[in-house]
Amino acid sequence: MTLRLHDTATRDVRDFVPLEAGKAGIYVCGLTVQSEPHIGHVRSAVNFDVLRRWLTASGYDVTFIRNVTDIDDKILARGEAQGRPWFEIAYRMRRELDRALDAINVLPPTYEPAATGHVPEILELIGQLVTRGHAYRAEDGSGDVYFDVRSWPSYGELTRQRVDDMEPAEDADPRGKRDPRDFALWKGWKKALEPETAAWPSPYGPGRPGWHIECSAMAAKYLGPAFDIHGGGVDLRFPHHENEMAQSRAAGQPFASYWLHNAWITTAGEKMSKSLGNSMLIPSVLTRVRGIELRYYMVFAHYRSHVEFSFEALDEAARSFRRIESFLDRAEDAVGEVPRDGMLCADFVAAMDDDLGTPAAIAAIHEVVTEGNKHLTAGNRTALRGSLASVLAMLDVLGLDPHDPGWETVAASSDGRLSSAVDALVAGLLEERSVARAEKDWARADEIRDRIAAAGIIVEDTPDGPKWSLAEGKEDGS
RNA sequence: GGUGGGUUGGCCGAGAGGCGAGGCAACGGACUGCAAAUCCGUGUACACGGGUUCAAAUCCCGUACCCACCUCCA
């Protein structure tokens, strides 16, 4: 069985055939770092992180490029509004994004190029387009350079739209465009309105890159003129990816072989716009569930399915994940650490190969957990080891292995010491309770258990004696 | 106007002609001093109306409602 992926360009699920055997080049449009990362932004990152991990697990040597667009109108506007330099905003948001992605165990890309660091490459590409007759200088002396949509007959091929059917762009400022649908490759510096730091020298005068062109330039630089997979959110299909495709192909590059797009995550049926407040921002969500639970929630739905976000669904996903985690804990108590050579079960592999069917993949994990729980009860250690290793291996593919060092946080490093301190305190009480139970003094035993519970610690009796764990729940102090 | 997607049980969420994915919740049973955890069992869901077929949630036609994109939103 080979990997099959849904390609937006052909609108079907096709076998993945890499340009070069055993290698995969992926370019994912990251963020325009203009605001704090919310769960929508992060979904895209998780989805493509899973793609990358699956390709890696399948034996591919993956080069994964995720860009950062660190200059655009909104960044400039935000800097202006806050009275801060635009580059400070961009950099701060970029660091926040890094923190958010670290918190949900998204692997750092192979490289993360930024638009502002690739002006020469961008200008070279624009130059090629001008030479080939697909781009022109604005006729109003603004210093803009536009892509000439009419000069490229296959424009619209990605989203199957005909130029004549498109709504004419209601750009506030058509400026020097030949056709309203032409888009900016280079934006001339507006001296009166924009800081000098936002302008770079060019043959067309000082200015900055338009949106779209940076991705074409950077994809070519790091992956070559032809590469395997290009990804991003559905909204990027048009105009962003359509324009990238047009630019790169008009410049003579084959560009991406497969186009993958993840669906939206919305709240209250609405896009996660910045006006919704901060409850959907990652740091806020992480006060409610752990990063690994948030990631599980995102992997739980197929990447092409629209997700209507709710805290209820998030909590439910967290409970579902704890079933798996609880199995890991108990199994490891029973047989200790297992080598990292677990089998991916056939259902799991088939699900992942089928356009990254993570919901079915998770179902496969749950089935192995059920099997493992039976082995645990039966005391079948050999079989249990197999189930445990298998569950860990499958979780690892999804970036959900709790032992993954990626989950280690500053707080976690003190967890061990805290845990042994609590253990020492609770041990005495549990000893007392054991004595009471031995004397069948149930009232006394329950009283001790209640006292421990009042401290937020749950006691469970197992064949190997009592075990304590922290109660789950919202840490809202109530 | 153009392009694309959706509507599945109490809830989340897969599937895409024929055996009820999986999880959460609920209920019953086993286990337990009681619990917890775990295991076993319990559900006849696919927006609506037609049609094709031996067989339709899945294909076709129609209807309703919802959503996304159409030039700087993941």
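Naming convention: chains lettered A, B, ... in sequence-line order (proteins, then strands); numbering from 1 in each chain.
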For RNA chain B, the dot-bracket pattern of Watson-Crick and G-U pairs whose distances stay under 3.5 Å, | for other-strand partners: (((((((..(((.....[...))).(((((.......)))))....(((((..]....))))))))))))....
How is [X] classified with respect to the nucleic acid when contacts are heavy atoms under 4.0 Å: base, sugar-phosphate, or nothing?
X: A:Arg43; answer: nothing
X: A:Val42; answer: nothing
X: A:His302; answer: sugar-phosphate
X: A:Gly232; answer: sugar-phosphate

Which parts of nucleotides 23-33 of chain B does protein reach within less than 4.0 Å, heavy atoms only, written one letter per nucleotide 5' to 3' as B for base, S for sugar-phosphate only and - for none? BSS-------B
Between [options], which nucleotide gets closest to the side-chain atoms of [X]?
X: A:Pro359; options: B:rU71, B:rA14, B:rG4; value: B:rA14
X: A:Glu460; options: B:rA36, B:rU71, B:rA14; value: B:rA36
X: A:Gln161; options: B:rC70, B:rA74, B:rA14; value: B:rC70
X: A:Leu31; options: B:rU3, B:rA74, B:rG13; value: B:rA74

In Å and rounded to the nearest 0.5 Å, what is the [atom1] to [atom2] distance from [X] to [Y]?
X: A:Arg208; Y: A:Glu194; atom1: CZ; atom2: CD; result: 4.5 Å
X: A:Ile458; Y: A:Ile452; atom1: CD1; atom2: CD1; result: 11.5 Å
X: A:Arg53; Y: A:Leu51; atom1: CZ; atom2: CG; result: 12.0 Å

Short side-chain N/O contact from [X] to OP1 or OP2 of [N], under 4.0 Å:
X: A:Asn373; N: B:rC39; value: yes
X: A:Arg11; N: B:rG4; value: yes
X: A:Lys374; N: B:rC40; value: yes

Does the ring of A:Tyr155 carry A:Arg150 above it, NZ/CZ under 6.0 angstrom from centre and within 45° of its axis? no
Short side-chain to backbone donor-acceptor contact, A:Ser248 and A:Glu244, under 3.5 Å: yes
Before accepting this row, confirm whether a basic side-chain N of the pair A:Glu447/A:Arg444 lies closer than 4.0 Å to the acidic partner's carboxylate O. yes
Does A:Arg433 come within less than 4.0 Å of A:Asp441, counting only side-chain N to carboxylate O? no
